[in-house]
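Per chain, numbering begins at 1; letters A, B, ... match sequence-line order. Values below: all heavy atoms of this structure, side chains included; hydrogens, waters and symmetry mates excluded.
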There are 2 protein chains.
Amino acid sequence: MNNHATVNEILVRLFANILDIEEKCLKVGEFSDLSISEMHVIENIGYSDERTMSDTAKTLKVTSGTLTTAVDNLIKKGYVERRRSAEDRRVVKIRLTEKGKAAFKSHEDFHKDLVTSALQQLNSHEEEVLIKVLSDIDVFFNEKYNFV
Amino acid sequence: MNNHATVNEILVRLFANILDIEEKCLKVGEFSDLSISEMHVIENIGYSDERTMSDTAKTLKVTSGTLTTAVDNLIKKGYVERRRSAEDRRVVKIRLTEKGKAAFKSHEDFHKDLVTSALQQLNSHEEEVLIKVLSDIDVFFNEKYNFV
DNA sequence: TAAATATAATTTGATTATCAAAGTAATTGA
DNA sequence: TCAATTACTTTGATAATCAAATTATATTTA
């Protein structure tokens, strides 16, 4: 029970810290004209070659109106391209430009670096446990709060 | 190296999920007139009996102007009280009202529940490793990114 | 197959969170 | 004592977001 309070405190702090580190590092890097939420849109598109607006909005958990304006801005800044689908002309497909891909890669590298730094602190047994624990928690949250 | 990619993916997903769960649970609960960021202000004040505006702004990492408007709204909604310090009349002290304390407790309980749920998945050895690992990472981030 | 319904995206109008810079009032220190 | 500093608030601007209305297209159904 005491442990739970500890974990809670550490998690709250870790959470705030990570968000903060991400934001500050973005602001001093090559792609500082991107906000965190714009970077999250890029991150979301970047894992696929091409995505529809509605799928992207759904996984980002924003309304399609919100995504439309976000994508408008990313297009203006040269990170994203938009085209209408030929099969279903209601559908709009978005993909990263070369600049978008570079930003995606840079953000991925930052993430990897963060994780590598963190894992370097651990011995191989701890690393194994951490991975198991994180997967378990991930699965569990998806089940328990799947109404979300 | 492969592990790092796994940890990265899980963390990104876990992060998004936790933020989302927090927001959605807040919206269906008793204190649904509070936004997440308002709840974070309450959380920050709640650990102390009374805090100054500048200390609070600093730990929340927002400007004092931002905090002033946030506190204005929290006062309007009845969660926070503000008074000028007698010792130094430039200083403004804020504290939670009874309603604010109730909201704080409710949010704490939610956090505890989340952590308890997560920890239930683990045996005691795993739990121990998790706590050590989280503390190590927390300390490490504070050192590595303390420019932030 | 024409009309009704559903779907995908955008636009509109609003709110909230945020910042930087300017302003106000109180305190400190040379 | 008055210039500089500090603590906070106000102002004016911008980002991100939503819900609801709108437009265009596709699907279903009578």
Whole Å only: how far is the [atom1] atom of [X] from the [atom2] atom of [N]?
{"X": "A:Leu19", "N": "C:dT18", "atom1": "CG", "atom2": "P", "value": "12 Å"}
{"X": "A:Leu26", "N": "D:dA15", "atom1": "CG", "atom2": "P", "value": "15 Å"}
{"X": "B:Ile75", "N": "D:dC8", "atom1": "CD1", "atom2": "P", "value": "13 Å"}
{"X": "A:Lys77", "N": "D:dT14", "atom1": "NZ", "atom2": "P", "value": "13 Å"}
{"X": "B:Arg83", "N": "D:dT9", "atom1": "CZ", "atom2": "P", "value": "14 Å"}
{"X": "B:Asp55", "N": "D:dT6", "atom1": "CG", "atom2": "C1'", "value": "13 Å"}
{"X": "B:Lys93", "N": "D:dT9", "atom1": "NZ", "atom2": "P", "value": "14 Å"}
{"X": "A:Arg82", "N": "C:dT10", "atom1": "CZ", "atom2": "C1'", "value": "9 Å"}

Nearest-nucleotide check on DNA chain C, A:Asp72 vs A:Val91; residue mapping nearer the 5' end is A:Val91
For residues 41-50 of chain B, which residues have at least one heavy atom under 4.0 Å from DNA chain D?
none
From the list A:Asp138, A:Val133, A:Ile137, side chain to side chain contact (heavy atoms under 4.5 Å, CB included) with B:Ile10 holds only for A:Asp138
Partners of A:Ser85 by side chain to side chain donor-acceptor pair (under 3.5 Å), sequence neighbours excluded?
A:Glu87
Could you pull out all residues at least two apart from A:Gln120 that satisfy side chain to side chain donor-acceptor pair (under 3.5 Å)?
none
Judged by whether its glycosidic angle lies within 90° of 0, D:dA15 is syn
Can you list the steps and then say if B:His111 with A:Leu11 is a side-chain contact (heavy atoms from CB on, under 4.5 Å)?
CA-CA 10 Å; B:His111 268 180; A:Leu11 281 181; over 6 Å; no
Verify whether one side chain among A:Asn44 and A:Thr59 offers a donor that lies under 3.5 Å from an acceptor in the other.
yes
Can you list everything that forms a salt bridge (Lys or Arg N to Asp or Glu O under 4.0 Å) with [X]? Sequence neighbours excluded, please.
{"X": "A:Asp88", "result": "A:Arg90"}
{"X": "A:Arg95", "result": "A:Asp49, A:Glu50"}
{"X": "B:Glu108", "result": "none"}
{"X": "A:Asp33", "result": "none"}

From C:dT11, D:dT10, C:dA9, nucleotide with atom closest to B:Thr68 side chain
D:dT10
Using purine N1 to pyrimidine N3 plus N6-O4 or O6-N4 for Watson-Crick, or N1-O2 and O6-N3 for G-U wobble, both under 3.5 Å, which nucleotide pairs with D:dT23?
C:dA8
State the pairing partner of C:dT16; accept Watson-Crick or G-U wobble contacts with both distances under 3.5 Å, and report none otherwise.
none
Using ring pair (Phe, Tyr, Trp, His ring centres under 6.0 Å) as the criterion, list what pairs up with B:Phe140, not counting sequence neighbours.
none
Inter- and intrachain pairs under ring-ring contact (aromatic ring centres under 6.0 Å, His included), touching residues 114-136 of chain B, at least two apart:
A:His125-B:His125
Identify the pairs formed between an N or O of the protein and an N or O of nucleotides 16-19 of chain D at a distance under 3.5 Å, and give each distance.
from: D:dA16; atom 1: OP1; to: A:Ser35; atom 2: OG; distance (Å): 2.3
from: D:dA16; atom 1: OP1; to: A:Ser37; atom 2: OG; distance (Å): 3.0
from: D:dC18; atom 1: OP2; to: A:Thr63; atom 2: N; distance (Å): 3.0
from: D:dC18; atom 1: OP2; to: A:Thr63; atom 2: OG1; distance (Å): 3.2
from: D:dC18; atom 1: OP2; to: A:Thr66; atom 2: OG1; distance (Å): 2.6

For every nucleotide of nucleotides 22-30 of chain C, 5' to 3': is a protein heavy atom under 4.0 Å from its base (B), only from its sugar-phosphate (S), or from neither (-)?
----BS---
Mind checking who shares a hydrophobic cluster with B:Val92, ILVMFWY linked at side-chain heavy-atom distances under 4.5 Å?
B:Leu26, B:Phe31, B:Leu34, B:Ile36, B:Met39, B:Val41, B:Ile42, B:Ile45, B:Tyr47, B:Met53, B:Leu60, B:Val62, B:Leu67, B:Val71, B:Leu74, B:Ile75, B:Tyr79, B:Val80, B:Ile94, B:Leu96, B:Phe104
